[in-house]
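Here's the structure, in structure tokens; my notes come after.
What's counted below: heavy atoms across the whole structure, side chains too, no hydrogens, waters or symmetry copies.
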Amino acid sequence: YNRYEYTNDAAVNRTTPLDGTYYLTADGTPERPISIVAAGDGDVIFDGNGNYALFDVRAADHTYVEGITFRNAEVAILAGTQFVAGSKGLTVKRSRFENVGAGVFTNWSGSSGFYIADNVFIGRNDPKHLIGWAGDMWVKFRGVEGQIFPPAMASYVAVKLYGPGHVVAYNYIADFHDGINVETYGNPDGSVASGPGIADGPKYPPREYWDRRPVAIDFYGNYITNSHDNPIEAHGSMDNIRELRNMFINHASHAFCNQPTLGGPVYWIRNIAYHLPAGSTRLTNGAAGVLFYNNTILSETFAAGTSNTHWRNNLILGENALPAIFNVTTFTQYTSSDYNGFRPNLGVEASFRWNAPRAGVVADYNRLGHDAALEAHEFRTLKEFARATGQDRNSVLVDYDVFVNVPKLDAQDADTVQSLYDARDLDFRLKPRSAAVDRGTPLATVTDGFAGRAPDLGALELGAQLPAYGPRPLKE
């Protein structure tokens with residue numbers, strides 16, 4: 001260890017950079033973790049001096065970190081490496097990460113039970129401009145005010161995880177490529193893919209691998225802004241993944257990202273998503289078992305390939321990112337949508353698209369040598385869409401005037417598309433008597449305690465206490 005970090009002499013510079021990596025190799029227990037906690041008599045700063053990993057805890061279980069600043073390293077806390085080793089029971093609270101390529105990182109399937117809460121993560125990416133890492137719409141900004149396209153990925157991800165039982169909550173994350181990711185791992189341990197030349201094997205991990213599944217993971221209360229790509233990626237996750245009450249604002253790509261998710265359920269509940277100039281939703285490669293309940297989604301929904309997916313009580317208003325406001329390709333007849341509020345883009349001939357197996361076919365998936373036989377339908381109006389497909393029969397048309405203060409954005413406006421907005425300057429609450437009030441349907445544990453005749457549409461029930469986004473204040 002660097003001796004300068006542990007002196008009580010106030011005259012000694014306690015931020016002197018170290019020469020290498022702190023390797024933690026001792027295990028704590030859930031009741032008695034190995035703790036690294038600020039004493040409360042001043043800032044405690046670990047400066048990586050440009051090193052790759054500042055703390056390596058891959059050989060240490062049940063480490064507890066609180067009140068520490070980590071800076072100037074590629075990975076602040078390296079907690080796992082795929083197929084090699086990793087830690088369990090890591091807790092990181094009320095800490096700050098700055099000038100790092102990644103904050104907390106593990107892609108080892110045996111990592112479990114992480115608790116990452118009330119932290120601030122500030123990446124190295126451009127803090128003044130929204131720009132995507134790919135896409136023709138961003139090419140025109142190359143050289144404008146010194147911008148580079150494609151942008152350098154100076155900071156990749158604030159938090160990356162794999163394995164079961166993690167909680168990532170109430171963090172502030174800005175200026176990363178991605179905010180929070182489940183590792184796009186490949187087939188979960190113990191399961192086998194299907195295909196020519198691949199020996200047959202379990203399609204779901206056998207019981208002896210259950211402690212390595214990416215299941216029971218919670219992301220809630222996070223404020224995530226200014227990413228090149230996505231605020232949260234649920235890619236590669238399996239069962240009971242819950243994204244609840246997050247604020248997603250200023251993201252060049254999709255806020256609701258599942259490409260693919262492996263079975264689900266994956267819950268997106270009461271999230272707010274604003275300024276998504278490439279669209280709101282990524283559902284690809286048959287992403288399965290995804291539930292969108294009571295979200296405020298202020299860009300178009302385009303589900304390129306999904307199955308067993310369901311939309312209820314959402315507000316979906318366009319940003320002119322795509323022509324259609326709601327475009328779904330599903331491989332199952334039992335994908336469904338109802339009790340939503342839509343604002344189609346003006347002057348669009350096909351505002352609603354629904355591509356699904358033909359009547360009488362329950363499911364038809366793409367596979368090697370076979371393309372799913374799907375029937376494509378498109379409709380100009382919500383009424384035509386509902387009548388022909390049976391979807392969204394109880395849904396309504398809304399506009400931005402349902403909100404107290406949320407301006408409509410235009411993804412095609414080059415003068416504003418790179419702007420970065422602050423949620424404190426907006427008000428996503430519904431106006432009383434607006435078209436979104438009392439137009440939802442009851443959903444157990446989601447809309448409990450609603451006021452009025454029925455639940456409201458969107459993330460915020462009229463009159464309900466507003467959720468917290470980002471680090472919570474310390475209690476006295």
Side-chain angles (χ1 to χ4, degrees), residues 27-31 33 57-64 77-92 104-117 157 159-169 180-195 198-220 232-244 257-269 283-291 306-310 332 363 365 444-445:
D27 290 341
T29 68
E31 297 77 22
V57 301
R58 289 177 294 179
D61 291 344
H62 302 294
T63 302
Y64 180 100
I77 301 177
L78 179 59
T81 300
Q82 187 174 18
F83 309 134
V84 179
S87 63
K88 300 178 180 179
L90 173 66
T91 294
V92 182
V104 179
F105 187 102
T106 181
N107 58 3
W108 185 57
S109 62
S111 290
S112 63
F114 285 18
Y115 182 71
I116 314 296
V157 66
V159 180
K160 171 161 275 197
L161 302 166
Y162 200 73
H166 304 300
V167 174
V168 183
I180 305 167
N181 288 356
V182 178
E183 168 70 11
T184 308
Y185 187 86
N187 276 68
D189 289 358
S191 65
V192 177
S194 300
I198 301 175
D200 194 25
K203 304 310 174 192
Y204 191 90
R207 186 174 291 272
E208 60 265 33
Y209 291 95
W210 279 14
D211 61 346
R212 291 175 171 268
R213 297 172 300 166
V215 301
I217 301 172
D218 292 331
F219 305 129
Y220 58 87
I232 292 179
E233 292 184 354
H235 311 347
S237 61
M238 296 181 67
D239 312 324
N240 288 318
I241 312 302
R242 296 167 288 255
E243 291 97 348
L244 317 172
C257 205
N258 320 256
Q259 64 167 13
T261 44
L262 308 177
V266 176
Y267 299 94
W268 299 89
I269 298 175
L283 288 158
T284 63
N285 301 310
V290 187
L291 305 168
T306 191
S307 55
N308 190 23
T309 293
H310 307 276
T332 58
Y365 293 91
T445 74

Between [X] and [Y], which heavy-atom pair has the shortest distance, and what is it?
{"X": "Pro260", "Y": "Asn285", "value": "CB-O, 3.8 Å"}
{"X": "Gly236", "Y": "Pro214", "value": "O-CG, 3.5 Å"}
{"X": "Thr306", "Y": "Thr309", "value": "OG1-OG1, 2.7 Å"}
{"X": "Arg212", "Y": "Tyr162", "value": "O-CE2, 4.0 Å"}
{"X": "Val182", "Y": "Ser237", "value": "CG1-CB, 4.0 Å"}
{"X": "Leu90", "Y": "Ala79", "value": "CD2-CB, 4.1 Å"}

Between the side chain of [X] and the main-chain N/O of [Y], is any donor-acceptor distance below 3.5 Å?
{"X": "Ser307", "Y": "Gly286", "result": "yes"}
{"X": "Thr261", "Y": "His235", "result": "no"}
{"X": "Asp239", "Y": "Val215", "result": "no"}
{"X": "Asp27", "Y": "Asp61", "result": "yes"}

Any non-hydrogen side-chain atom of Tyr365 less than 4.5 Å from a side-chain atom of Thr332? yes
Is the shortest heavy-atom distance from the side chain of Leu262 to the side chain of Pro188 under 4.5 Å? yes
How long is the straight-line distance from [atom2] of [Y] back to [atom1] of [X], given to the nearest 0.5 Å?
{"X": "Glu31", "Y": "His62", "atom1": "CD", "atom2": "NE2", "answer": "8.0 Å"}
{"X": "Gln259", "Y": "Thr184", "atom1": "CD", "atom2": "OG1", "answer": "7.0 Å"}
{"X": "Ser112", "Y": "Asp211", "atom1": "OG", "atom2": "CG", "answer": "7.5 Å"}
{"X": "Glu233", "Y": "Glu243", "atom1": "CD", "atom2": "CD", "answer": "11.0 Å"}
{"X": "Trp268", "Y": "Leu291", "atom1": "CH2", "atom2": "CG", "answer": "12.0 Å"}
{"X": "Tyr185", "Y": "Asn107", "atom1": "OH", "atom2": "CG", "answer": "8.0 Å"}

Applying ring-ring contact (aromatic ring centres under 6.0 Å, His included), can you list everything that pairs with [X], at least two apart in sequence or on another chain?
{"X": "Tyr220", "value": "Tyr170"}
{"X": "Phe114", "value": "His166"}
{"X": "Tyr115", "value": "none"}

Can you tell which of Ile116, Val104, Ile232, Ile217 makes a side chain to side chain contact (heavy atoms under 4.5 Å, CB included) with Ile180? Ile232
Using 4.0 Å as the upper bound for N to carboxylate O, is an ion pair formed by Asp218 and Arg242? yes
Assess whether atom OH of Tyr209 is packed by more than 12 heavy atoms of other residues, nucleotides or ligands within 6.0 Å. no
